[in-house]
S.K.: 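Quick one: structure below, then a few questions.
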Protein chains: 2
Amino acid sequence: MLLFPGPNGADGRLSRATVTRFSLYLRHLEEVLNKGAQKVSSKQLGEAIGITDAQVRKDLACLGNLGQPGIGYASVELIAAIRHVLGIDRVWSVALVGVGNLGRALLRYKGFQARGFRFVALFDKDPALTGQQVEGLRVRGLEDMTETIKAHKVELGLLAVPSDSAQFVADSLVQAGIRGLLNFAPVVVRVPPEVSLVAVDLTVQLEQLAFHVHTGNVP
Amino acid sequence: MLLFPGPNGADGRLSRATVTRFSLYLRHLEEVLNKGAQKVSSKQLGEAIGITDAQVRKDLACLGNLGQPGIGYASVELIAAIRHVLGIDRVWSVALVGVGNLGRALLRYKGFQARGFRFVALFDKDPALTGQQVEGLRVRGLEDMTETIKAHKVELGLLAVPSDSAQFVADSLVQAGIRGLLNFAPVVVRVPPEVSLVAVDLTVQLEQLAFHVHTGNVP
DNA sequence: GGATGTGAACGACTTCACAGCG
DNA sequence: CGCTGTGAAGTCGTTCACATCC
């Protein structure tokens, strides 16, 4: 089986937008499969997440020829294919840095566990927190980072620390061998090219919303 | 003074990407102004947020002719212009629905207050929470929503409730006259066209990260 | 010289439209 | 007939390159 059978840019390079939609398709597919739907059409999928059916077909074409003309797509097969290209048909080990309000919210967020993301280490620089148990995990000091991350083979790191610590913590995580970072600090963080970085900037999102309300534009 | 002097699409219609970058410019500008920099060039701004100088100039051109050839842009002026087009040169009243872990994290998030977003109402359907004070605000039941939102002229709502309540709560907020929604629930929420919606989907972001690490692509 | 503003080229993503298959 | 897969067209966003101005 090929990892990337179909083209989205001649080879297996998927656009960021396509990857985002794959996550949305996946969620909807799991939902409809739970309700017993064995088959789904591009039209149904498109309506569910608010895009055109043509877009859905273009995206799904990257997965190979899974669609059956006149019928649609087999839900189970689609789910497996999407999980496979996204790389989430396995467990990912995740570390959380910053066990404050946001960090705890992320820890308790069911959606992560359900998709195979497993928290295996917590870090915080606050001495009052280190040593305590949170959600069944012991909070460690930043000085234990390299050792713990290597020992547990942690691949992804969630950065839920204040802005002024973000770059330092990111550097430490990179140093420790992390492969990807999800940054929640409202600051632009730099990582070397071999490390992936996704930023979730709440201030930016809220300002976008204010802009849209302000102007009356549809996003 | 024109609201949208320059073109980004002939009139004042700004692309989503441009609006996102405006937020990032703004943050960086406030930072450098604090350090005393009166002038900034497109090259400096671009390097700070990781894009080309041409892109910066194209964006800033939408604000009118603020740049001085050979010199750069005046920080103070740029900040005022960006805040103005984003619509954040005033206070926005915000309601939070869902006072769980994520909700409390959002409440305590300093970045919102600093930018003029003011929480004026909290709602939660948990009877154990309603009536309590959180961050100086009383938590109300969902049944008080319409009255409270109208009374406080709340314009924006943050949705930090579980997926299965998200659409219901969104409908209630719309009914109550909200103008924009920031949805954190991992589900696609529908609102009428006159209401703005921005979604922050943590599962999608984490899956994006996994994909990039998985394939070795740069985002 | 140094930096802006901008048409033109380029590239990326989306929609259209239709052939082809079940 | 219904629905997929896909070239072609269209739209949107970014980068280039250079005239222009301080």
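This is a predicted model, so every value here is computed, not measured.
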S.K.: Round to a whole Å and report the spacing from CG of A:Asp59 to C1' of D:dT4.
M.R.: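 Going from CG in A:Asp59 over to C1' in D:dT4 covers 14 Å.
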S.K.: Would you say the side-chain atoms of B:Arg104 and A:Asn101 include a donor-acceptor pair closer than 3.5 Å?
M.R.: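 No, no side-chain donor-acceptor pair sits under 3.5 Å.
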S.K.: I'd like to know if B:Lys58 reaches the base of D:dT15 with its side chain such that a donor and an acceptor end up less than 3.5 angstrom apart.
M.R.: yes
S.K.: Can you tell me the distance, in whole Å, between the CD1 atom of B:Ile71 and the P atom of C:dG5?
M.R.: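 It works out to 12 Å between those atoms.
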S.K.: Could you state the atom-to-atom distance from CZ of B:Arg16 to P of C:dT14 in whole Å?
M.R.: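 Interatomic distance, CZ of B:Arg16 to P of C:dT14: 13 Å.
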S.K.: Over how many whole Å does the gap from B:Leu66 atom CG to C:dG5 atom C1' extend?
M.R.: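 That distance rounds to 12 Å.
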S.K.: Select from B:Ala17 and A:Tyr73 the residue whose nearest nucleotide in DNA chain D is closer to the 5' end of that strand.
M.R.: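 By nearest-heavy-atom nucleotide position, the 5'-most residue is A:Tyr73.
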S.K.: Counting the atoms with a prime plus P, OP1 and OP2 as sugar-phosphate, which does B:Gly70 contact under 4.0 Å by heavy atoms, base, sugar-phosphate, or nothing?
M.R.: base
S.K.: Here's a test of your reading of the structure: between A:Ile51 and A:Pro69, which maps to the more 5' nucleotide of DNA chain C?
M.R.: A:Ile51
S.K.: Would you please confirm or rule out a distance under 4.0 Å between OP1 or OP2 of D:dT14 and any side-chain N or O of B:Arg21?
M.R.: yes
S.K.: Charged N to carboxylate O below 4.0 Å: is that the case for B:Glu30 and B:Arg115?
M.R.: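 Counted as a salt bridge, because a side-chain N and a carboxylate O are separated by less than 4.0 Å.
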S.K.: Side chain of A:Ala61: nearest nucleotide among C:dG5, D:dG13, D:dT6?
M.R.: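 Nearest to the side chain of A:Ala61 among the choices is D:dT6.
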S.K.: Is the distance from OP1 or OP2 of D:dT14 to the nearest side-chain N or O of B:Gln55 less than 4.0 Å?
M.R.: yes
S.K.: Does a side-chain N or O from B:Ser42 land closer than 4.0 Å to OP1 or OP2 of C:dA3, or not?
M.R.: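 No, outside the criterion.
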S.K.: Is there a donor on the side chain of B:Lys43 or the base of C:dG2 sitting less than 3.5 Å from an acceptor on the other?
M.R.: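 No, the side chain and the base share no sub-3.5 Å donor-acceptor pair.
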S.K.: Looking at B:Ser41, does any N or O in its side chain come under 4.0 Å of the phosphate oxygens OP1/OP2 on C:dA3?
M.R.: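 So the side-chain polar atoms of B:Ser41 never come under 4.0 Å of the phosphate oxygens OP1 or OP2 of C:dA3.
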S.K.: What I want to check is whether the side chains of B:Ser23 and A:Glu207 have a donor and an acceptor closer together than 3.5 Å.
M.R.: yes
S.K.: Looking at every strand, decide which applies to B:Asp53 at a 4.0 Å heavy-atom threshold: base, sugar-phosphate, or nothing.
M.R.: nothing
S.K.: Begin with the C-alpha distance, continue with both residues' side-chain angles, and end with the deciding distance and a verdict on side chain to side chain contact (heavy atoms under 4.5 Å, CB included) for B:Leu206 and A:Leu156.
M.R.: CA-CA 9 Å; B:Leu206 191 51; A:Leu156 307 179; 4.2 Å; yes
S.K.: Please give, in whole Å, the distance from D:dT14 C1' to B:Leu60 CG?
M.R.: 15 Å
S.K.: Any idea which of C:dT6, D:dG7, C:dT14 is nearest the B:Arg57 side chain?
M.R.: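 Comparing C:dT6, D:dG7, C:dT14 against the side chain of B:Arg57, the answer is C:dT6.
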S.K.: Between atom CG in B:Asn65 and atom C1' in D:dC22, what is the gap in whole Å?
M.R.: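 Taking CG of B:Asn65 and C1' of D:dC22, I get 14 Å after rounding.
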S.K.: For the pair B:Phe112 and B:Phe117, name the ring-plane relationship: parallel under 30°, tilted 30 to 60°, perpendicular over 60°.
M.R.: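 Judged by the thresholds at 30° and 60°, the geometry between B:Phe112 and B:Phe117 is perpendicular.
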